[in-house]
Amino acid sequence: MDTTLRDGEQTSGVSFSASEKLTIAQLLLTELKVDRIEIASARVSEGEFQAVKKITEWASKNGLLDKVEVLTFVDGGTSVNWMLDAGAKVMNLLTKGSLNHLTFQLKKTPEQHFSEVEATIRLAISKGLKVNVYLEDWSNGMRNSKDYVISYLDFLSQLPVDRILLPDTLGILIPSEVASFISELVTRYPHVHFDFHAHNDYDLGTANALEAVRNGVHGLHLTVNGMGERAGNAPLASVIAVINDYQKEVEVSVEEKSLYSVSKLVETFSGFRIPANKPVVGENVFTQTAGIHADGDKKNNLYHNDLMPERFGRERKYALGKTSGKANIENNLLQLGIQLSDEDLKKVTQRIIELGDRKEVVTPNDLPYIISDVLDSSTIEERVQVLNYVLTHSKELRPSVTLKISIDGKVYEEHAQGDGQYDAFVNALEIIFQKNGKKLPQLKDYAVRIPPGGDSDALCETIITWSHQGKELITRGLDCDQTVSAIKATQKMLNLI
Ligand SMILES: CC(C)C(=O)C(=O)O
């Protein structure tokens, strides 16, 4: 069960709109093919009500309503009515899984709680809902009030409940404890369907989820990019990969090939950035940096493991820097279709090592520039040159540019305005390209940063991601002036397309 839209949205600073929730729900169920999704907590807000409504309407039309779940509360039936009005059919009722929570938060006895839970379940069933029950703080309950947990499970297992959901609410468990708690419960209650809901406070979410599966749990709660309360939940991509590789007898419906694209979409909608080293979906995780690894890739795949990028619709990359060595550079040249003599390759390698020593980040797209610079006879022609420009920026007047560039030796001059100086520059460029019957690549992302180690008057680096003929192209420019660094990045792009 994917709970990106409920627990994932509890990531601090994240809030999805109703349309974003609908798009994510559709992708999760139809492209990624998770079995179930939890999409909201009842009664949260009017916006949440509209989101649930949109999703249930779509799910109902597509025969998927049984896969859409909403978290509800023991509140005398208010959340049951909220859910019904929103068109949902499966409720995940939040109840207390530890005596501590029950005594100090609800201030109730087990008998009072059990009777209120039973009344809510019976009400929901009478209205045609399916019921799953969460035992909040279950992990603490198993540690400190096991008699309570067992008596509660004895009680629940007699009721018309589909699944019992076991959260490690505070992310306190370690794998050996997960193993012993889960195996004890699945043995004691062979007819009950148990889900395990991990939190990642000790970075053990994936390990704990795997251990729960190894010990017979029937379902897992996961989130895209490991989003969720505090340190998040167990990340969907990592857990799917490890189960597929290490627990092969367990059937998993999720399409590995869609994990990356769904991750990126959720990243964009949530604004919650995926760390570059996040397994399976992080930018760097299929990049070989050390030359010895790249060398091994060419020699009988010596550094192969089962986690191959192609499984996830991704590709192997070779980083360039001071540790990259000849093999990494050769692999990148191969991808760019550039051939160099041994002597030239040595010179280029040396330059990349020097740049790496100065903490410069070198990307495969920089390679043609480094080569032309190093070899002094340009392998890459500077077909497009930015010759001159005047940029204006003044109060209450639109920024403007007068730009002169040459393309294949022919000079063009154009004037344009924009929302900022760089926007004006791009607008002028666009006019020149249009007059030549060409289209500029689309600007997808624009990031500015001070290079590592810089102080207040350091250089400024602009990294621009372009989309060109279905491919992504990243170029960067370095200058003390931010607009100039963006113009340099743009000029690089113009000579690569
Ligand atoms: C709200 C509950 C179900 C939860 O997410 C947890 O206990 O971790």
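When a residue number appears, it is its place in the shown sequence, counting from 1. Ligands are counted one by one from 1 in listed order, and the atoms in each one are counted from 1 as well.
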Protein N/O near ligand 1 N/O, under 3.5 Å, which pairs?
unit_1   : atom_1 : unit_2 : atom_2 : d
ligand 1 : 5 (O)  : R6     : NH1    : 3.3
ligand 1 : 5 (O)  : R6     : NH2    : 3.0
ligand 1 : 5 (O)  : D7     : OD2    : 3.0
ligand 1 : 5 (O)  : H197   : NE2    : 3.2
ligand 1 : 7 (O)  : T169   : OG1    : 2.6
ligand 1 : 8 (O)  : H197   : NE2    : 3.3
ligand 1 : 8 (O)  : H199   : NE2    : 2.9

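In this structure, the side chains of M91 and V70 stay at 4.5 Å or more apart for every pair of heavy atoms.
For K146, the salt bridge (charged side-chain N to carboxylate O under 4.0 Å, His left out) partners two or more places apart in sequence, or in a different chain, are E184. In this structure, F16 has no ring-ring contact (aromatic ring centres under 6.0 Å, His included) partners at least two apart in sequence or on a different chain.
In this structure, T95 contributes its side chain and Y134 its backbone to a donor-acceptor pair below 3.5 Å. Looking at H221, its side chain never comes within 3.5 Å of a backbone N or O of M1 through a donor-acceptor pair.
For residues 231-251, the set of pairs meeting the salt bridge (charged side-chain N to carboxylate O under 4.0 Å, His left out) definition, not counting sequence neighbours, comprises D245-R311.
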